[in-house]
Each structure stands twice: as C-alpha cells, then as structure tokens.
Amino acid sequence: MTREITAIYPSNIALVKYWGKRGDQLPCNASISMTLRKSYTEIKLACTPKKNSEMELEYYFEGKSNDGFRERIIRYVCRQKEFAGLLKNYSLRIDSKNSFPHSTGIASSASAFAAIAAAFLKAEDQVTDSQFNRKASRLARLGSGSACRSFYAPFSLWGKLEGIDNSSDEYAVPIRGIHDNFKSLRDSILIVEEAPKKISSSMGHALMKDHPYAKARYEDANNHCRELLTTLRTGNFESFISITEREALSLHAMMMTAKDYYMLMIPGTIYIINQIFRFRELSKLPVCFTLDAGPNVHLLYPGSAEEEVHYFIKHHLTHGIKSVIYDQAGTGGSIF
Ligand code: DP6
C-alpha cells in the first residue's frame with residue numbers, strides 16, 4: 001500500500017546574511033531570518049513498498065520530470081544516511097510545487113529542502129514530535145544552508161553565537177520573545193529581473209574562501225546577529241533598519257570585492273533603494289530594504305504602514321518593476 005506524506009514549508013529571507021561556508025555546509029557566521037507566509041514549497045512524497053534492491057526515486061517539479069533541480073535533490077536524498085532505509089525498502093515519488101514563480105528573489109532551495117527533509121524524516125517515522133524540527137532543520141541544512149531556518153517562525157537564528165546557549169552551526173533555533181512591532185512585518189518583493197541569476201549562491205559562498213575581507217565580514221555578521229536579537233525583542237525600528245540595510249549592502253559588497261568579482265544589482269535595484277530612502281525620510285515610516293543574492297528588492301515594513309507603503313509602491317516606484325509579491329512574516333510549516 002502506498003503511503004503519502006505532504007510537507008508544506010515556507011521560504012525565508014535573511015536579515016543577517018549567511019555568506020561563506022566551511023566543512024559540510026556549516027556557516028562561517030551566524031544568520032537571522034524572517035520566515036515567509038505565502039512563499040512556500042509543497043512536497044508530496046509517495047512511498048510504495050518494494051522487493052528489489054534497486055533504488056527507485058522519481059522527482060517531478062510542477063508535473064514535469066526534467067527539472068534541473070532534480071539532480072540536486074536526488075543527490076541530496078541519496079547522501080543522507082537517515083534516508084537509507086526508505087530508499088532501500090520503498091519506491092519513492094516526490095511531487096514538488098512552489099506557491100511563487102521562479103527567479104523572483106525568493107529562495108526556492110530554502111523552502112524545497114525544508115519540505116524534502118521534513119517529508120523524508122516523517123516517512124522514517126522514528127522521530128518524536130519534540131525532536132522533529134531540530135532534526136529536520138539539520139537535515140535541511142545539508143541540502144541548502146538557508147533551508148535550516150525555515151522550521152521556525154516568525155524569526156530564526158542559525159549559527160553558534162558566543163553567549164547564546166542553544167545556538168548551533170548544525171541547525172537553526174527559534175527566536176523567542178519577539179516584540180509586537182515585528183510580528184506583523186511585511187515583505188513586498190519588488191521584482192526588477194525575472195531571469196535566473198548567472199552566479200549561484202554556492203559559487204558566491206566559495207568566493208569567500210580567499211576573500212580579503214572575510215574575517216571582518218564574519219565578525220560583523222555575528223555582531224549584527226547579537227544586536228538584532230536584542231532589537232527584535234525591544235521593538236526598536238531604528239536599529240532594525242540600520243542592521244538590515246547594512247547587511248544587505250555588505251552581502252553585495254562581498255560579491256563586488258571578491259577576487260572573481262561580480263555584481264547582481266542592476267539600475268532598477270539602485271533606483272528602488274534610493275526611492276525607499278526618500279520615502280522613509282519624508283513619511284517617517286519604518287520602512288527598509290533587504291536584498292538576497294540577486295537584483296530584486298525586499299521592502300520590509302510593519303503591518304500598520306501597509307496602506308501608505310502600498311500607495312508608495314504603486315505611485316512612486318514607477319520604473320522598472322516587473323511585478324510585486326506581497327508576503328509577510330509567517331507561522332511555520334506543516335506536515336501530514
Ligand atoms: C544570500 O542557502 O542558497 O540567501 O547553502 O549553497 O544552498 P547553499 O546556499 P544558500 O545561500 C543563501 C545566501 C543568501 C543569504 C541567506 O539566506 O542567509
């Protein structure tokens with residue numbers, strides 16, 4: 001009899017960025033992210049008992065079997081010893097789909113690997129509820145680093161930070177005691193470029209290995225994590241804005257100052273950032289931006305400013321925006 005498991009896990013947007021890794025997908029600095037609500041991956045894992053010893057694993061993305069992501073997923077699943085029993089005894093079929101379009105600045109590998117890791121772990125049936133998220137987070141990290149943060153909402157921390165007891169390089173942990181100011185945080189993703197990026201995040205991480213500013217960058221990011229932990233609990237928007245924007249620009253500065261330098265921002269990115277600065281100054285609203293490893297801009301603001309910010313997006317960001325995805329802080333994933 002076939003057993004079917006459904007895993008729905010959201011993507012996340014980093015506020016303090018993971019950029020640079022070592023060993024088996026361990027981060028060179030701690031990072032903090034906000035888990036999204038509407039941008040998620042849904043995985044259906046069908047497990048049918050089999051008798052032969054050959055591996056039977058099929059992967060379909062939005063109904064098609066020939067997606068480039070397939071190889072990465074299959075390689076990942078085969079590498080995890082935790083999944084060996086499943087691969088040996090079952091014929092497996094994965095059906096995956098995203099709630100958001102491709103190449104939009106939403107990390108699809110984060111939601112995909114979170115959902116895959118959770119579905120396989122659930123199928124193994126050996127994990128108690130209290131251990132589930134931690135184990136799934138560790139396994140998801142091995143697929144894509146940022147995926148490990150998608151198990152907690154609205155914010156999570158990944159990476160060992162001196163003085164923060166439960167923090168770990170192996171898995172992410174939830175951030176407790178979030179101030180009301182940040183619980184309703186919105187993320188409007190302003191799409192200026194829909195084409196897939198030419199340099200993958202993995203290549204970007206690799207360029208940190210002999211980066212002349214790597215040491216300072218890792219220290220800076222860890223300090224930003226410590227400050228942001230306090231900020232998220234005290235509700236201080238000024239500090240939130242300053243850490244978040246500085247992090248986004250530091251990430252891109254690392255790309256632009258690597259030995260094999262490159263630039264992912266395009267004129268539309270710069271135009272929007274300058275418009276955000278102007279709007280913030282005039283409106284006095286706590287709006288700010290962050291960037292992923294791409295040109296699209298994430299506009300962050302509290303729910304209370306929604307009306308004014310939507311007006312700003314529609315009437316003052318008139319050049320170069322191809323589409324907008326309106327997302328916000330989420331509540332986490334689900335599995336059944
Ligand atoms: C800029 O998690 O995509 O989004 O571990 O190689 O899969 P891999 O990289 P990935 O890197 C994310 C980089 C980032 C910042 C972040 O999410 O922290």
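Quick caveat: nothing in here was measured; it's all calculated off a predicted structure. What you see below is based on every heavy atom in this structure, not just the backbone, and it leaves out hydrogens, waters and symmetry mates. Both ligands and their constituent atoms are indexed starting at 1 by order of listing.
For Arg72, every heavy-atom contact with ligand 1 shorter than 4.0 Å involves the side chain, none the backbone. Residue contacts with ligand 1 for Ser144 involve both N, CA, C or O and side-chain atoms from C-beta outward (heavy atoms, distance under 4.0 Å). Contacts between Arg149 and ligand 1, counted as non-hydrogen atom pairs separated by less than 4.0 Å, involve the side chain only. With a 4.0 Å heavy-atom cut-off, ligand 1 is reached by the side chain of Ser201 but not by its N, CA, C or O.
Heavy-atom contacts of Ser202 reach the following atoms of ligand 1: 6 (O) (cutoff under 4.0 Å). Residue contact check: Trp19 has heavy atoms under 4.0 Å from atoms 1 (C), 13 (C) of ligand 1. Atom numbering of ligand 1 starts at 1 in the shown order; those under 4.0 Å from a heavy atom of Ala14 are 16 (C), 17 (O), 18 (O).
Each of Ser11, Ser202, Ser146, Ser144 was evaluated against Ser109; a single residue qualifies, Ser144, per the side chain to side chain donor-acceptor pair (under 3.5 Å) test.
Ranking protein heavy atoms by distance to atom 2 (O) of ligand 1, first place goes to Ser146 OG, 2.7 Å. Protein heavy atom in closest approach to atom 15 (C) of ligand 1: Tyr18 O, 3.4 Å. The nearest protein atom to atom 6 (O) of ligand 1, hydrogens excluded, is given as Lys21 NZ, 2.7 Å; this is a heavy-atom distance. Among protein heavy atoms, the minimum distance from atom 1 (C) of ligand 1 is reached at Asp292 OD1, 3.4 Å. Counting only heavy atoms of the protein, atom 11 (O) of ligand 1 lies nearest to His205 NE2, 2.9 Å.
Here Arg280 pairs with Glu245 in a salt bridge; the nearest charged N to carboxylate O distance falls below 4.0 Å. Taking 4.0 Å as the cut-off between side-chain N and carboxylate O, Glu227 and Arg246 do not count as a salt-bridged pair. Checked for salt-bridge contact, Lys44 and Glu42 meet the test: a charged N lies under 4.0 Å from a carboxylate O.
For the pair Arg186 and Tyr326, the cation-pi test (distance below 6.0 Å, angle within 45°) is failed.
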Show me the side-chain donor-acceptor pairs of residues 255-265 shorter than 3.5 Å, one per line, residues at least two apart or across chains.
{"from": "Thr257", "atom 1": "OG1", "to": "His211", "atom 2": "NE2", "distance (Å)": "3.1"}
{"from": "Thr257", "atom 1": "OG1", "to": "Ala253", "atom 2": "O", "distance (Å)": "2.5"}

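Residues satisfying the side chain to side chain donor-acceptor pair (under 3.5 Å) test with Arg278, not counting sequence neighbours, are none.
Assignment of Arg141 to the shell around ligand 1 is not supported, since no heavy atom sits closer than 4.0 Å.
Of the N or O atoms in Gly145, one or more lie within a sub-3.5 Å distance of an N or O in ligand 1.
The OG atom of Ser96 lies 6.5 Å from the CD1 atom of Ile73; values are rounded to the nearest 0.5 Å.
Taking the six-membered ring where tryptophan is involved, the planes of Phe312 and Phe279 are essentially parallel, since the angle between them stays under 30° and well short of 60°.
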